[in-house]
2 protein chains.
Amino acid sequence: MTQPRWLDQTEMAAWRAFLTTSHLLERRIEEQLKATAGLTHPQYEILVRLAAAPGRRLRMTELAEGVVASKSALTYQVGRLEEAGLVERTTCPDDDRGVLAVLTPAGAELLEKVAPGHLEIVREYLIDRLSREELRAMTSAMRKTEAALRSG
Amino acid sequence: MTQPRWLDQTEMAAWRAFLTTSHLLERRIEEQLKATAGLTHPQYEILVRLAAAPGRRLRMTELAEGVVASKSALTYQVGRLEEAGLVERTTCPDDDRGVLAVLTPAGAELLEKVAPGHLEIVREYLIDRLSREELRAMTSAMRKTEAALRSG
DNA sequence: CGATGGTTGTTCAGATTTGAACGGCAACTC
DNA sequence: GAGTTGCCGTTCAAATCTGAACAACCATCG
């Protein structure tokens with residue numbers, strides 16, 4: 001029977017600002033990617049993760065955890081990217097259950113073309129507006145929450 | 001022909017932490033609300049906004065801006081909430097085009113019942129893990145971005 | 001008043017997400 | 001090595017979101 005602990009004014013302001021801003025920024029990014037490259041944000045993030053992975057390939061499950069998507073959502077999006085020739089599927093040599101998503105040269109090329117415009121948005125609306133101190137504090141805060149959510 | 005400005009390591013870490021954490025937290029909140037009240041997060045946010053509004057009512061457009069949803073998504077969700085008896089629709093007295101979404105007593109009651117559990121999650125994973133300084137910095141950062149996105 | 005342009009909310013088709021159920025394979029035990 | 005348990009990715013139906021098109025209404029101006 002713990003007492004409900006409401007958020008005080010400062011805490012609530014922080015939470016509402018975070019919630020609203022993350023949605024607004026998501027919307028802006030989606031708009032930019034769709035206009036520039038015909039990609040959704042989840043699709044772009046898949047390409048980014050693959051590009052950064054050794055051999056430009058990742059197991060579906062790892063990829064899903066990386067981009068924070070459900071297994072079925074990832075299956076769907078990798079299917080779209082495969083149709084577009086940006087990603088290929090290979091069966092995992094070590095584990096016949098597994099599937100490796102592999103970035104194709106065309107995928108890598110598209111990513112290189114699109115990334116600058118995407119990062120420009122991230123800069124324009126978020127990074128460039130923050131002081132070094134705010135940047136540091138935000139990273140620290142986000143990592144604490146991420147760690148807590150990943151472990152649960 | 002501006003040179004592409006990549007993010008340095010610190011900046012990229014901040015962005016990735018923000019992106020990942022906002023998705024993880026969203027997922028956790030969705031899970032909690034669905035299990036506790038059968039509500040989606042967007043639906044919960046609609047109830048919150050209405051509860052805080054004068055007369056517990058808001059124009060559809062204002063509501064859509066408040067919760068950061070598209071017009072059609074709001075139409076859909078208000079429809080669900082109306083079916084559940086948590087919200088009612090009234091034509092706006094001032095403007096025959098307008099529709100007022102009004103929180104019903106049942107909606108207010110459900111919100112009071114659900115809010116503590118929801119806020120407990122927000123505390124557990126975000127607010128309570130942040131120092132006062134981090135909280136302040138995050139609010140400041142989010143507000144700058146929000147202002148920039150709202151004005152554009 | 002009548003015309004024009006902008007706003008409001010809904011509708012619709014198509015795209016995407018969700019979560020449960022499933023078949024196939026791996027790992028471990030006895 | 002047969003049995004059991006669990007993981008892997010996909011499939012499916014249902015729910016939700018998106019963006020364009022639309023009808024109804026407001027506001028302004030001549």
Side-chain angles (χ1 to χ4, degrees), chain A residues 22-24 26-46 49-50 57-84 87-102, chain B residues 22-24 26-46 49-50 57-84 87-102:
Chain A
S22 65
H23 288 166
L24 284 170
E26 190 68 46
R27 169 189 287 189
R28 183 73 185 86
I29 287 170
E30 198 78 37
E31 176 192 6
Q32 196 271 339
L33 284 173
K34 211 156 285 180
T36 300
L39 288 174
T40 66
H41 194 197
Q43 287 168 356
Y44 176 85
E45 285 299 320
I46 290 170
R49 294 277 171 175
L50 290 179
R57 64 196 61 211
L58 281 173
R59 289 284 294 264
M60 292 295 279
T61 296
E62 289 178 278
L63 192 47
E65 285 172 1
V67 302
V68 191
S70 68
K71 289 183 297 174
S72 50
L74 186 67
T75 293
Y76 177 78
Q77 289 298 356
V78 168
R80 300 293 72 69
L81 292 171
E82 204 174 13
E83 288 174 0
V87 164
E88 278 175 359
R89 270 186 240 243
T90 310
T91 52
C92 182
D94 309 346
D95 185 341
D96 279 347
R97 298 169 301 178
V99 171
L100 286 170
V102 186
Chain B
S22 65
H23 288 166
L24 284 170
E26 191 67 46
R27 170 189 284 188
R28 181 74 186 82
I29 286 171
E30 198 78 37
E31 175 191 9
Q32 195 271 339
L33 283 173
K34 213 155 281 179
T36 300
L39 288 174
T40 66
H41 194 196
Q43 287 167 356
Y44 176 84
E45 285 300 320
I46 290 170
R49 294 278 170 172
L50 290 179
R57 67 197 59 213
L58 281 173
R59 289 287 292 266
M60 293 296 279
T61 295
E62 288 177 279
L63 192 46
E65 286 171 2
V67 302
V68 189
S70 68
K71 289 183 298 172
S72 49
L74 186 67
T75 293
Y76 177 77
Q77 290 298 355
V78 168
R80 303 291 73 71
L81 292 170
E82 203 173 15
E83 288 174 2
V87 164
E88 278 176 357
R89 271 187 239 243
T90 310
T91 53
C92 182
D94 308 347
D95 186 341
D96 279 346
R97 297 169 301 178
V99 171
L100 286 170
V102 186

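Quick note on labels: first sequence line is chain A, next is B, and so on, each numbered from 1.
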Tell me: CD of B:Glu62 to P of C:dT7, nearest whole Å? 15 Å
Can you sort out the partners of A:Arg57 under salt bridge (Lys or Arg N to Asp or Glu O under 4.0 Å), two or more places apart, ordered by chain and number? none
How would you list, by chain and number, every residue that makes a salt bridge (Lys or Arg N to Asp or Glu O under 4.0 Å) with A:Lys34, sequence neighbours excluded? A:Glu30
Name all residues meeting the salt bridge (Lys or Arg N to Asp or Glu O under 4.0 Å) criterion together with B:Arg59; count only those two or more places apart in sequence or in a different chain, and write none if there are none. B:Asp95
Take nucleotides 13-20 of chain C nucleotide by nucleotide from the 5' end and write B, S or -, depending on whether a protein heavy atom sits under 4.0 Å from the base, only from the sugar-phosphate, or from neither. --SSBBB-
For B:Ser70, all residues meeting side-chain contact (heavy atoms from CB on, under 4.5 Å), sequence neighbours excluded: B:Ser72, B:Ala73
NA contact type, A:Arg89, heavy-atom cut-off 4.0 Å: base, sugar-phosphate, or nothing? sugar-phosphate
Interatomic distance where CD belongs to A:Glu26 and P belongs to D:dT18 [whole Å]: 10 Å
Above 12 or not: heavy atoms from other molecules or residues under 6.0 Å from CD of A:Glu88? no
Can you list the residues that meet the salt bridge (Lys or Arg N to Asp or Glu O under 4.0 Å) rule with A:Arg80, with sequence neighbours excluded? A:Glu83
I need the CD-C1' distance between A:Gln32 and D:dT18, as an integer number of Å. 18 Å
Spacing between B:Met60 atom CE and D:dC25 atom P, to the nearest angstrom: 17 Å
Counterpart residues, side chain to side chain donor-acceptor pair (under 3.5 Å), relative to B:Glu45 (two or more places apart): A:Arg16, B:His41
Between the protein and nucleotides 24-29 of chain C, which nitrogen or oxygen pairs come in under 3.5 angstrom?
| residue | atom | partner | partner atom | Å |
| --- | --- | --- | --- | --- |
| C:dA26 | O4' | A:Arg97 | NE | 3.4 |

Whole angstrom is fine here: how far is it from CZ in B:Arg59 over to C1' in C:dT10? 14 Å
By side-chain contact (heavy atoms from CB on, under 4.5 Å), B:Val99 pairs with (sequence neighbours left out) B:Met60, B:Arg89
